[in-house]
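All of these numbers come straight from a predicted model, not from anything done at the bench. Numbers restart at 1 for each chain; the letters A, B, ... are given by sequence-line order, proteins then strands.
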2 protein chains.
Amino acid sequence: MSDDDRGGLHRLVAARLDEVGQLYTGNRRRLIELLADAGPSTLPELLVAGDGLAQSSAYRNLTVLAEVGVVRRLVHGGDHARWELAEELTGHHHHLVCDLCGTVVDVELPMEVESLMDRAFDAAAAAAGFDVDHHNVDILGRCADCRVTGN
Amino acid sequence: MSDDDRGGLHRLVAARLDEVGQLYTGNRRRLIELLADAGPSTLPELLVAGDGLAQSSAYRNLTVLAEVGVVRRLVHGGDHARWELAEELTGHHHHLVCDLCGTVVDVELPMEVESLMDRAFDAAAAAAGFDVDHHNVDILGRCADCRVTGN
DNA sequence: TTGCTTGCAAATGATTTGCACTGCT
DNA sequence: AGCAGTGCAAATCATTTGCAAGCAA
């Protein structure tokens, strides 16, 4: 994310919090910065990078940020959930997930692929009586690091 | 799943267990039957349907069945994980997930869509240094029941 | 001074494990 | 006999919550 977008990011988060009477405190700003810098992160990762941030505050703040729609909780197989900035802030994307170390990296797919998937998903869901709201794609495999270390 | 396949299913599971010196016991057979009948199910659902099956045995048996590759553990947002028969037994498929009640239903996508996705995913992953092993697609929305009840 | 935040400690709840017992081979 | 499977109760561990003190409008 460019430094240019960073200001807009903070302004949007502050506005969203304000709408529900919540403040954009230092802890919350730090979490947003960390997620903007590091992408999908676990709570322990955020605590290590967060310099003294209390665990309970981190969980509470991430929950609040998710409630106002600026953060999203991801759940894959590992012990800890992962948190990332919401798509409204990052754009629509999917995830590369390493089967070995659990790392999650964002990927964007070509627009034609997204629209073909949308059409296919709508059709498949309609046949089962579902109304589609959105879709998540996880691409699982081995990340560059784990390929090298032969994990 | 047809009754015809059911016999083959049990034979395959028994063989897989046998390979690692484990038995195809009544509890394990019951779990396989329940998953074949009900699709992706939570542990509480399996216990209710399982008539006296102990919780710890259910967890332990599902773990063993997953280790020999006949069962898969799914994790979406809810309180409980869900378990389903592995794709080797059911064929490749994806999931419709109800945002409101958490129900998960299997869907199959047209072959052309799968192959287009495979190609797109390989290309996107390669750009990030990932080797793709497989992919999961979750289609999220509102199931037929929740549409009716206006949950 | 009213209400949102914070950190600590305690509680919660899904899942796992220790153990003694039963049952297959 | 010898090892796998079972159920109960206790332990684990990510996450949540109660509470008292700090801080902003």
So does [X] pair up with [Y], basic N to acidic O under 4.0 Å?
X	Y	result
B:Arg6	B:Asp37	yes
A:Arg142	A:Asp99	no
A:Glu84	A:Arg73	no
A:Arg16	A:Glu67	no

Atom [atom1] of [X] and atom [atom2] of [N]: how far apart are they, to the nearest Å?
X	N	atom1	atom2	result
B:Leu62	C:dT17	CG	P	15 Å
A:His80	C:dA14	NE2	P	18 Å
A:Asp79	D:dT15	CG	P	9 Å
B:Leu31	D:dG5	CG	C1'	13 Å
B:Glu45	C:dA14	CD	P	13 Å
A:Trp83	D:dT15	CH2	P	8 Å

| note | Reading nucleotides 4-10 of chain C from 5' to 3' and marking B where a protein heavy atom lies under 4.0 Å of the base, S where only the sugar-phosphate is that close, and - otherwise, the string is SSSBBB-
| request: Answer yes or no: is there a donor N or O on one side and an acceptor on the other, between the side chain of B:Arg82 and the main chain of B:Gly102, under 3.5 Å? | output: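 Flag set: sc B:Arg82 to bb B:Gly102 pair under 3.5 Å.
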| What about B:His135 and B:His94, are their ring centers closer than 6.0 Å? |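 Aromatic pair counts; centres sit under 6.0 Å.
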| Presence of A:Tyr59 side-chain N/O under 4.0 Å of D:dT16 phosphate oxygens OP1/OP2 |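 No, A:Tyr59 has no side-chain N/O under 4.0 Å of OP1/OP2 on D:dT16.
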| For DNA chain C, what residues of residues 67-78 of chain B have any heavy atom nearer than 4.0 Å? |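 Nucleic-acid contacts, sorted: B:Arg73.
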| Among B:Val105, B:Leu140, B:Asp106, whose side chain to side chain contact (heavy atoms under 4.5 Å, CB included) with B:His95 holds? |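 It is B:Asp106, the one option of B:Val105, B:Leu140, B:Asp106 that forms the side chain to side chain contact (heavy atoms under 4.5 Å, CB included) with B:His95.
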| field | Set of residues satisfying side-chain hydrogen bond (donor to acceptor under 3.5 Å, both in side chains) with respect to A:Tyr24, sequence neighbours excluded | value |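 For A:Tyr24, the residues satisfying side-chain hydrogen bond (donor to acceptor under 3.5 Å, both in side chains) (neighbours in sequence not counted) are A:His10.
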